[in-house]
Amino acid sequence: MVTIEFLGPIQKAPITLEASSLRDVAGALKSDSELAQWLENCAVAVNDTLVATLDTPLKDGDKVSLLPPVCGG
Amino acid sequence: MVTIEFLGPIQKAPITLEASSLRDVAGALKSDSELAQWLENCAVAVNDTLVATLDTPLKDGDKVSLLPPVCGG
Amino acid sequence: MLELYDGALNVPEIITRWYAEETNYNYGAYIPFIGTVREEDGIDGLSFDVYEPILNAWFNAWQAKAAPLGAKLKMAHSRGDVLVHESSYIAAVFSPKRRVALETIEQFVEDFKASAPIWKYDLKNGERLYAADRSTAIQGAGLLGRDV
Amino acid sequence: MLELYDGALNVPEIITRWYAEETNYNYGAYIPFIGTVREEDGIDGLSFDVYEPILNAWFNAWQAKAAPLGAKLKMAHSRGDVLVHESSYIAAVFSPKRRVALETIEQFVEDFKASAPIWKYDLKNGERLYAADRSTAIQGAGLLGRDV
């Protein structure tokens, strides 16, 4: 199982699911209509490191974070 | 008479001379060997305003200042 | 050094402490950038969420990038609410030379705005509203929205 | 506002007073640039001559140039001796927007180095030596050396 957490303004509790790569996560999240607006503009981190490809492998216990558009300062 | 003052590192007391333009001042200062090294790299102000031409007219009581290379900060 | 505070920053304390801390580092230039909440659009203030693990990694990467230039970076940011005319952000560079300091502070602040995992909300009429229109998608965002 | 001091600047006093002074000016960014004397080439410190009338005119021209951008400038500089690890120069910009602040502080500091009528001396072995090799001729210099 991997945990998906939603940062900042995405008002959603973490979820857990079975996934062996980010591609599996993308497939699962697409069915959630609440998230549709966020998938297009969120960056993704695995275990707190930003990643660039859906082929990123995942293993049991990994944490996937969705980071929406930022505005610090 | 106009007064010529020498700013910063030019170790020289002010002098007064007759001049109707900066050209007259340039002519007079060239005969002063102490000043030779400074004439090439000094900016010139008349009554505390920087000027760009030797044709700048001067009148009685004007102050001409020589400003050597600067390094504030 | 990265410092996070609940609520507004104590700017005098921070910028003078940083100045004192570096007395014996032989720098020539110190440039703090101080960000203050402007009164505009009728807001009472701003509020911030900060995701620390990635913010720390981002800051440490910048510190490593500045080190070969002889430069050091410091940063402070608020969590939670910061009212109008209070300050929420300080980024600072120390370096031996002025050109490095001027170039680094600009790049550091601009990359901060584009990349640091911090989310801003307007405090207005008792609500906390995500500042979506002023926010920037992090480079590479949209991964999960691509065709699988 | 332009402030001149005999000897080293009291940096904490100046940068925090400037911050407090502008609390009610609705700026978003405050960037002070602080210049500190580096220990190098065996100097004990630096010493400065300042020609106030032209420095004031230069500063006022900059203030007028910054005003249409909504920006305000402040500056402090030392006269006389400033020892190693003490500070001699602060230039600061306040502005509503960060881009204006970052661009203005850079241009203001660079033009200061090229144009402000201030002369620097190394304090070394009891002597006060003009820093000729680090000095810049003011734009248009050399007028009196041209053929008459």
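Lettering of chains follows the sequences in order, A, B, ..., and the numbering in each one begins at 1.
Looking at A:S65, only its side chain comes within 4.5 Å of chain C, counting heavy atoms on both sides. Proximity to chain C is limited to the side chain of A:L66, based on heavy atoms less than 4.5 angstrom apart. In this structure, the portions of A:L67 lying under 4.5 Å from any heavy atom of chain C include both its backbone and its side chain. For A:E5, the part sitting under 4.5 Å from any heavy atom of chain C is the side chain, from C-beta outward, and nothing else. When heavy atoms are compared at a cutoff of 4.5 Å, C:F33 does not approach chain A at all. Within the 4.5 angstrom heavy-atom criterion, only backbone atoms of C:A114 (N, CA, C, O) approach chain A.
Between chain C and the residues A:A36, A:G8, A:P68, A:C71, the largest count of heavy-atom pairs under 4.5 Å involves A:C71. Listed options A:L29, A:T49, A:L35, A:T53 were ranked by heavy-atom pairs under 4.5 angstrom with chain C; first place goes to A:T53. Comparing C:L143, C:I90, C:V50, C:I54 by heavy-atom pairs within less than 4.5 Å of chain A, the highest count is held by C:L143. Heavy-atom pairs under 4.5 Å with chain A peak, among C:K113, C:R134, C:K120, at C:K120. In terms of non-hydrogen atom pairs under 4.5 Å with chain C, the most contact-rich of A:A52, A:A45, A:C42, A:P9 is A:P9. With chain A as partner, the option from C:I118, C:V82, C:L55, C:I138 having the largest number of non-hydrogen pairs under 4.5 angstrom is C:I118. Taking C:A116, C:G35, C:S78 one by one and counting their heavy-atom pairs under 4.5 Å with chain A, the maximum is reached by C:A116.
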Subject >> Check against side-chain contact (heavy atoms from CB on, under 4.5 Å), A:L58 and A:D24 >> reply: CA-CA 9 Å; A:L58 296 175; A:D24 296 342; over 6 Å; no
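In this structure, C:N125 contributes its side chain and C:E127 its backbone to no donor-acceptor pair below 3.5 Å.
Closest of all the heavy-atom pairs between C:A137 and C:A141 is CB-CB, 3.9 Å. Contact record, A:W38 with C:Y130: CH2-CE2, 3.7 Å, taken as the closest heavy-atom pair. The minimum heavy-atom distance linking A:L50 with A:A43 is given by the pair CD2-CB, 4.1 Å. The nearest pair of heavy atoms linking C:A91 to C:V109 is CB-CG2, 4.1 Å.
Both cation-pi conditions hold for C:K72 and C:Y25: the charged atom is under 6.0 angstrom from the six-membered ring centre and inside a 45 degree cone around its axis.
Using modelled atom types, one finds a donor on one side chain and an acceptor on the other under 3.5 Å when comparing C:S87 with C:T36.
Heavy-atom contacts from other residues, nucleotides or ligands closer than 6.0 Å to CD of C:Q139 number 12 or fewer.
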